[in-house]
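Encoded as structure tokens, the structure appears first; notes follow it.
A note on names: the letters A, B, ... follow the listed sequences, proteins ahead of strands, and every chain is numbered from 1. Small disclaimer: the values here were computed from a predicted structure and weren't measured.
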Amino acid sequence: MDLARFIAKRLLRLVLTVLLISTIVFFVIRVIPGDPALLIAGIDATPSDIAAIRAKLGTDRPLSAQYFDFLWKVAHLDFGNSMISEEPVTALILQRFPLTLALAVLGMVIGTVIAIPIGILSAVKPWSAWDYVGLVMSQLGMAIPSFWLGIFLLLVFAVKIPIFPLFGAETLASLVLPAFSLGFARAAILLRHTRASMSEELSKEYIIAAKAKGLTDRMIKYKHALKNALLPIITVAGIEFGYMLGGAIIIEQVFSLPGLGRLFLYAIYQRDFPLIQGGVVFIAIVFSLVNFAADVLYSVVNPKIRLE
Amino acid sequence: MQCRNIVKIHRGRGVEGERHGFRAVDNVSIEIERGRIFGLVGESGCGKTTLARAILYLDPPTSGSVLFDGVELGSLKPPMLRKYRKRMQIIFQDPHSALDPRMTVYDSLSEGLINIGVDKARRDKKIRELLDRVGISSTYSRRFPHEFSTGQRQRIVIARALTMDPEFLILDEPVSNLDVSIQAQIINLLMDLKKDLNLTYLFISHDLNLVSYMCDVVAVMFGGRIVEQAPTEALLAHPGHPYTRRLLASIPGGAGRF
């Protein structure tokens with residue numbers, strides 16, 4: 001199969017995923033109790049007031065009509081207006097998204113910089129000091145919740161030793177602590193995958209054959225083994241990045257950052273249906289796009305996948 | 001090729017980090033004359049592969065010495081050792097993991113040649129000849145390993161070993177993973193190559209029948225030790241060790257069926 005067809009197939013899958021998630025979100029929100037019209041109208045409203053608000057929101061129409069209308073708009077990236085602020089949902093999301101994205105990207109960079117080198121060293125020299133460092137770090141990373149790490153880092157590096165700002169997102173420095181809290185847990189998982197993948201490649205017979213051919217250790221480890229070991233890591237990293245976008249919601253709360261997380265959290269408190277719907281679908285689209293990119297990258301570097 | 005008192009202890013660590021050793025190869029001495037096929041039989045886990053890797057100094061023995069062409073490999077510095085090692089090559093049991101999945105056949109074969117500084121024209125010619133010799137059309141040389149069958153991959157692995165112009169080949173169960181009909185083809189190819197290129201083989205197998213067909217001398221390995229060693233015919237006629245007798249009895253129709 002050539003690359004173009006592969007990409008087309010994956011794109012189709014992406015569209016189906018987004019359609020499925022949009023559908024689930026639409027119905028789940030309408031199944032759970034709580035009428036936004038009541039919430040907007042307040043306690044003193046008369047039944048006719050409430051009916052008027054319902055008509056304005058469109059929630060008085062049949063569910064199927066609402067559903068197809070919703071899908072049609074999603075296809076145009078139009079998620080309607082917020083019920084509370086009455087601003088377009090897409091604009092609200094796009095306004096907050098850069099901060100969350102920056103946080104996730106920085107978290108990913110920090111995670112990768114920690115995980116990949118230590119993972120490789122651990123596999124190349126098992127039971128060495130590096131391996132123990134990696135072991136301890138990945139245990140810690142998996143055991144410590146990221147919000148706890150965030151609070152701890154704030155206490156140490158913003159309160160006791162004030163080198164980073166306590167809150168806000170004016171400078172890049174204010175992103176360092178949240179990105180580290182986010183990246184550390186992800187690094188733990190990435191590190192274990194890197195170590196396992198690398199040590200599996202190193203045990204394969206082509207490595208021995210390369211030694212027998214007279215290649216140096218360095219060439220064998222970094223030219224043969226590492227290239228093959230990094231293949232599965234691409235997929236893991238793609239998924240990890242998606243998780244980071246979701247995990248950023250909690251971290252933004254800890255560090256009082258005005259990103260997507262806070263936007264969605266308030267939307268949920270206030271039963272702002274269009275904003276919740278738009279937010280979930282938006283995250284789903286971004287998650288799918290990241291995985292799509294990882295898949296394409298994987299197939300470009302792995303000749304085996306494309307032919308299957 | 002001589003091995004003297006090879007001992008290989010696998011070191012491991014338990015759950016609490018305590019060290020313990022396992023004698024995978026225990027005081028093995030063998031001598032292989034130039035141009036011969038030396039058979040090494042034994043059940044899985046008896047230390048055959050460990051011995052093979054120790055001989056190549058890929059996984060150096062814990063003690064004992066390996067002499068190749070009169071030179072002790074343990075005394076060589078890494079660059080010299082690499083030079084000597086090129087004269088010895090190894091063919092593996094599993095041709096799937098023996099080829100780098102991301103390298104084309106051409107790249108796999110040329111890598112060793114580039115490393116010793118062979119220019120492109122001579123490299124291309126040599127790769128074409130070798131692929132032709134092992135029965136793989138050189139028009140396929142730009143393909144990746146997963147595009148070939150198991151038998152074809154084993155032929156590619158053999159061609160790759162031959163790029164280094166070796167004198168001594170270790171065949172570590174080279175046909176155990178293959179269908180019977182393909183086994184015969186590969187064995188015939190190996191026998192032809194030996195004759196044409198004047199090679200010396202250490203043939204490792206758990207199949208005494210196959211070993212008796214191919215080899216001049218057979219050593220039987222059991223629990224890390226060589227328990228019996230004799231010219232093939234003598235061993236088949238008068239097996240001394242109980243394990244050898246059990247191996248012989250396990251062959252349906254007796255040895256020499258091949």
Side-chain angles (χ1 to χ4, degrees), chain A residues 1-3 122 124-136 139 196-235 297-308, chain B residues 11-13 17 19 49 52-53 56-59 78-104 107-117 142-147 153 156-158 160-164 166 168-170 172:
Chain A
M1 200 194 329
D2 58 345
L3 196 61
S122 300
V124 169
K125 292 203 170 95
W127 304 114
S128 66
W130 279 115
D131 199 10
Y132 280 109
V133 168
L135 204 66
V136 170
Q139 295 286 339
S197 175
M198 185 75 181
S199 58
E200 191 191 324
E201 286 307 319
L202 284 173
S203 71
K204 287 196 177 160
E205 284 168 342
Y206 71 84
I207 296 295
I208 294 172
K211 263 193 203 176
K213 276 195 288 195
L215 270 60
T216 57
D217 254 25
R218 183 182 280 273
M219 269 176 89
I220 292 164
K221 276 170 190 152
Y222 300 109
K223 188 179 164 199
H224 283 271
L226 185 58
K227 266 189 182 173
N228 285 307
L230 284 181
L231 273 180
I233 301 297
I234 294 174
T235 312
L297 190 62
Y298 186 85
S299 80
V300 169
V301 287
N302 186 6
K304 210 161 158 180
I305 291 294
R306 258 174 284 154
L307 284 131
E308 275 162 8
Chain B
R11 294 192 191 282
R13 292 200 192 181
R19 288 155 199 266
T49 299
R53 292 183 183 182
L56 288 176
Y57 256 75
L58 290 168
D59 201 358
M80 259 327 252
L81 178 62
R82 280 204 295 276
K83 212 168 232 172
Y84 264 86
R85 197 145 58 196
K86 272 179 282 193
R87 297 165 61 186
M88 314 189 278
Q89 291 291 313
I90 183 164
I91 310 283
F92 303 98
Q93 176 177 1
D94 178 14
H96 291 265
S97 87
L99 292 164
D100 186 331
R102 291 196 32 207
M103 281 188 145
T104 61
D107 288 339
S108 270
L109 263 65
S110 59
E111 193 182 30
L113 294 170
I114 293 172
N115 197 41
I116 52 172
R142 294 289 170 189
R143 296 201 177 181
F144 288 96
H146 65 271
E147 296 173 70
R153 279 188 224 190
I156 294 165
V157 171
I158 293 169
R160 181 181 61 187
L162 294 178
T163 57
M164 292 289 102
F168 174 57
L169 273 183
I170 294 182
D172 189 358

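Side chain of B:N115 to backbone of A:G214: a donor-acceptor contact under 3.5 angstrom is found. Looking only at distances, a side-chain donor or acceptor of A:K213 sits under 3.5 Å from a matching main-chain atom of B:S108.
In this structure, the side chains of B:V157 and A:Y206 stay at 4.5 Å or more apart for every pair of heavy atoms. Considering only heavy atoms from C-beta on, A:K223 comes within 4.5 Å of B:M103 through its side chain. In this structure the side chain of A:L231 reaches within 4.5 angstrom of the side chain of B:R102, judged on heavy atoms.
Shortest non-hydrogen contact noted between A:N228 and B:P101 is OD1-CG, 3.5 Å. Of all the heavy atoms in A:L215 and B:R82, the pair that sits closest is O-CD, 3.6 Å. Across B:L58 and A:A212, no two heavy atoms sit closer than the pair CD2-N, 4.1 Å. Residue B:A98 comes nearest to A:A209 through the heavy atom pair O-CB, 4.4 Å, listed as atom of the first residue, atom of the second, then distance.
Proximity to chain A is absent for every atom of B:L56, based on heavy atoms less than 4.5 angstrom apart. Contacts between B:D172 and chain A at a heavy-atom distance below 4.5 Å are absent for every atom of the residue. Neither the backbone nor the side chain of A:S203 has a heavy atom closer than 4.5 Å to any heavy atom of chain B.
Contact count versus chain A (heavy atoms, under 4.5 Å) is highest, among B:T163, B:I116, B:I90, B:D94, for B:D94. For chain B, the option among A:E201, A:K211, A:M219 with the highest count of heavy-atom pairs below 4.5 Å is A:K211.
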Practice prompt. I would like to know whether A:E205 and B:H96 meet side chain to side chain donor-acceptor pair (under 3.5 Å); could you show each step before the answer?
Written response: CA-CA 9 Å; A:E205 284 168 342; B:H96 291 265; over 6 Å; no

